[in-house]
Structure formats: structure tokens, C-alpha cells
2 protein chains.
Amino acid sequence: MLRTNPAFLHFMERFTASGRESEAVAIKTFTAGTRLIRQGDTISHVYIIREGITKCYIEEDNGKDYIFEFLGKGEITGDLEGIRKEKCLCNIEAITPVTVYAIPHTLFSWLLLNNTEFNGLMLEELVIRIRQTCIRASYQQLYPVEYALLRLLALEAEQDIVIPKKDMAAYLGITTRSFNRTLKELRAKNILDPQGMNIDLTRKQLEEILRRFEDMK
Amino acid sequence: MLRTNPAFLHFMERFTASGRESEAVAIKTFTAGTRLIRQGDTISHVYIIREGITKCYIEEDNGKDYIFEFLGKGEITGDLEGIRKEKCLCNIEAITPVTVYAIPHTLFSWLLLNNTEFNGLMLEELVIRIRQTCIRASYQQLYPVEYALLRLLALEAEQDIVIPKKDMAAYLGITTRSFNRTLKELRAKNILDPQGMNIDLTRKQLEEILRRFEDMK
DNA sequence: TTAAGAGTGAGACAAATGTCCCGATTTATA
DNA sequence: TATAAATCGGGACATTTGTCTCACTCTTAA
């Protein structure tokens, strides 16, 4: 849900500290609500998030949004477009103030080709992304919304972040109305029986979720 | 829908023809219905499809299947597990007789590290896979089934292949009942050949249909 | 302090999808 | 060929999700 990549971040810290080719790397900041990348645009840089949280989403022609992931420290964006020169697939929007390393495509390609460590990190990142995207797509298609919602709440509690309802709904691919309804049903049922839901919830997570329910009242 | 990767296939043809390290590459065959890879297993080889069509799908605990893609010539599978040593994410099942190049993980890793062309092909493949998975997940979540189904039929017609209904439904993440119902509705709207599943439309006609649907909004 | 406006939650209804089941058709087998 | 078994399409109903709307709260500005 909120993905991070400490290894990538660490690499960039070392790389920028070591002068030389790293001069091309700029640091950019974005205020909350700004888009780092706009769907359909052609871009010339890859970003690696140094600080802050963004959402990665597609806007469909019918006006609906689908959020793929929330990206935090060390996550890379614009990489798909850096590898295959195509138009941007998703929007990347800052939901907190964000700082990034901006890497020009030329340097990005050079790193992929000449820096084994960077190349390996990139491969791993892509693999993780595919796995998570597949797991989520399947889960959301084949289980009732109630399950997916509960799982999302658990993740949110676990990572100790707060995501606006609108964004949660967009992440689940449902309307806020459905989101509210399901939330209400979960409350009414006193939720529990996580085992029946096939979700591993710790007592701590459950308590956190319940606490948040109270706040939502 | 049916993905292929001619560049990968071509690489393998050249590679196996050139002796040397390629001795480790074996050719395996599978009859229709057999699984090349079983979800949850630990594997030691990566496969590149030389001939035939497979389906790549997750089986959820509730017994439902979700098909991600149909994979044909030149597509690679087991690569995620070759890059990060994890248990298999998906099942890969032959739906026609299939022949593959079986590459041991040791050689696969070696190629990634030492063969720039192979590394590049792998990166591109992963990028394409992410793009397609994202586009589809979003589309299927945010548009009515009718749209997704029609699009699927168009793809099927375009690629001139026949996919069993059960698999089509699993690809769309719906039941066969829903699939049949939607099909019937499309027919009632004179969108499809009333004969049944066999689509008798040219590419051009299908495009016209899609355009009309856009207008219907 | 009040009034207009934005944002939010939920009721009522509509539409979409799943579940259960039966009868028709096809396939397999004696 | 005849009969049993399996498969398939679709009707009827239940459940889920979306749409529209309104009432309520919370600002903000006069």
C-alpha cells in the first residue's frame, strides 16, 4: 500500500555524495497536492523520492480514478518511461510535501547500463511492483469489498499513516458511497473474526483499527 | 491479452545456436492442460516459450481464478522468481501443446549480469508487463463489464485465437453466468453475430462498435 | 451573529453481479 | 442406437454496488 525502497534511497545518498556523474542529479521539491508527473506527458527525468508521500493513479476518461500505490521514501517513478520512451502511464501527486532526486534520462540509462548495483535494484523494484500489482488485482476482483477494505485498514494502521477516505475508495476502485457503507457494516458487525476473513491481523492492528473507527464517528 | 515477445525468442534462437554456455539450456514440452509452473512452488528454471499458448493465473483460497495474461511465443515465465528467489506467484498452464527453453537460474542470473542485450530485453519485458497490468486493472475496476468484455472480444478476434468462455470470464474476473448474460445483452443490442461465440467481424467493424460504445457513454 | 456554500454521511432506488437451479443439448458409453 | 452422464445457457431471486438526493455540519465572509 505505502511502498518504500530503502536500498534505492541509500544508493542515491551515496551516489550524490560521490561527485562526478552525480552532478546531473538535481533535488526538487513539491508542495502537497502538486503533480510530479502528469499522465500522458512526455518526461525527461526519473524521480526518486527522498522525503514525503505521493499517490500514483490513473484517471480514466469517465472521470474515475484508480490509485495503484502510495509511494514513499526511496521509490522511483517515471522509470517505465525512462526505460521505454512512452507517454506517462500514471499521475504522481504529492499528498504531503515531497522532495525528490531528479535524474535525467541520459544518466538513468547510463546507470542502468554501467552500474551493476543500480541495474539490480531496478530489476528488483520492477519485480516487486509486478508481484504486488498482481496480488492486489486478483484479490480485489475475487473477494468482496469488505475483505479488501479491512485489509487496507490493517495496512494503514500498521504503517501508522492516514489516508483520506476519497483516496482509500479510489485505491479500492469503488465509490466513496460504497466505502462508507462497507465501513458502517464493519462497525455494526464489531468487525472481528479476522480469521474468517483470511487476513492476518495482529491484536495491535485490530485495536488501532477500532480506535480509528471511533475517531471517524 | 495474448502477449508475445519476438525479440526474446529471437535472442534465444541465436543463443542456443551458438554453443558454449547455451548447453545448459534444455528444451521441454508440455501437453495441453499441464502446468509448467505451480503457484507456491519453488523453482530452479526460467522458461521462455518457443511454441504454444499458456495462461498465467492466480488461484485464490476461495476457489476462484484470476487470469492475468495469455502468454505465447517468446514470453518468459518464472523470471520474477529467478530475480527474487520467492515462491511462484502464478500458475502457468498450457492451453495448447507447448515447447519451452528451460534456463537454469544460474545461467539466467549470469545472463542478466553479463549479457547487456538480455538484460535490456528483460527490463523491457518487465516494463511492458507493468504497464499492461496497470492499464487492465484500472479499466476493469472503473468501467462496466460490458466494455471490458467487448474489448476482450475485439482482441480475441484481432489475434485470431479462440479462448474458452471459462477462461474469458476468469480473465475478466467475473462468473461465467455474468459473462453469458453480458454477451446476451450485447447480442440483443445487435453488436454481435447472433450465432454465438464465433465472432464474424472484421477489425474495422469492431473498431466501429467500440466507437459507438464511446458515444453511448 | 447570520447566511451562503462546501463538504460529508446516509436513505431510497436503480443497476449490476452472484448464487442456485432446471431443462436442453451435447458427449460418452454400453 | 439408446441411455446415462456431463456440459451449458439462462430464469429467478439475493446480494452488492452505483446514482441521486437531501439533511446536517462546518466554514467563511458580510
Side-chain angles (χ1 to χ4, degrees), chain A residues 32-33 59-67 95 136-153 162-189 191 196-198 212-217, chain B residues 32-33 59-67 95 136-153 156 162-199 213 216-217:
Chain A
E59 257 181 303
E60 293 288 354
D61 291 338
N62 61 6
K64 296 180 180 177
D65 291 350
Y66 186 69
I67 296 180
I95 60 183
R136 189 157 81 91
S138 170
Y139 197 85
Q140 288 190 1
Q141 282 283 337
L142 302 184
Y143 284 95
V145 171
E146 197 169 81
Y147 287 56
L149 172 47
L150 190 55
R151 195 160 86 151
L152 181 55
L153 290 175
V162 177
I163 305 286
K165 276 194 181 182
K166 225 180 302 173
D167 287 345
M168 290 240 216
Y171 184 85
L172 295 172
I174 59 178
T175 60
T176 50
R177 180 71 192 92
S178 298
F179 184 88
N180 279 325
R181 180 159 35 211
T182 309
L183 213 52
K184 199 185 159 202
E185 281 159 10
L186 283 175
R187 270 199 228 105
K189 285 184 191 168
I191 324 182
M197 291 261 187
N198 191 26
R212 291 182 181 215
F213 272 175
E214 289 309 310
D215 293 346
M216 279 190 243
K217 272 293 200 172
Chain B
E59 256 182 304
E60 293 288 353
D61 291 337
N62 61 7
K64 298 180 179 177
D65 291 350
Y66 185 69
I67 297 180
I95 60 183
R136 190 158 78 92
S138 170
Y139 197 84
Q140 287 190 1
Q141 282 283 338
L142 303 184
Y143 284 94
V145 171
E146 195 168 83
Y147 287 60
L149 171 49
L150 192 56
R151 195 160 85 151
L152 181 55
L153 291 174
E156 197 200 21
V162 177
I163 304 288
K165 275 194 182 182
K166 224 179 300 178
D167 287 346
M168 289 240 214
Y171 184 85
L172 295 173
I174 59 178
T175 61
T176 50
R177 180 69 192 92
S178 297
F179 185 88
N180 278 326
R181 179 162 32 213
T182 309
L183 210 53
K184 199 186 160 202
E185 282 160 10
L186 285 175
R187 268 197 236 107
K189 292 179 189 172
N190 285 327
I191 297 302
L192 293 179
D193 179 351
Q195 306 291 16
M197 278 295 304
N198 284 338
I199 305 152
F213 263 128
M216 282 170 50
K217 194 172 69 143

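Below, chain A is the first sequence line, B the second, and so on; all start at residue 1.
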Margin query: Does a side-chain N or O of K166(A) approach OP1 or OP2 of dG7(C) to a distance below 4.0 Å, or not?
Written below: no

Check: Atom CG in N180(A), atom CE in M168(A): separation rounded to 0.5 Å?
Finding: 11.0 Å

Check: Where do G173(B) and Q141(A) come nearest, in terms of heavy atoms and distance?
Finding: O-OE1, 3.5 Å

Notebook entry, point to check: What residues form a side chain to side chain donor-acceptor pair (under 3.5 Å) with D167(B), not counting sequence neighbours?
Noted result: K55(B)

Checklist line | Separation of dT7(D) C1' from D167(B) CG (nearest whole Å) | finding: 16 Å

Item checked: Contact pattern, 5' to 3', of nucleotides 10-23 of chain C - B, S or - by protein heavy atom under 4.0 Å -> BBB----BBB----

Next item on the list: To the nearest 0.5 Å, tell me how far K165(B) NZ sits from F179(B) CZ.
Entry: 6.5 Å

Next item on the list: Determine yes or no for a side-chain-to-main-chain donor-acceptor pair under 3.5 angstrom, with N62(B) supplying the side chain and L142(A) the backbone.
Entry: yes

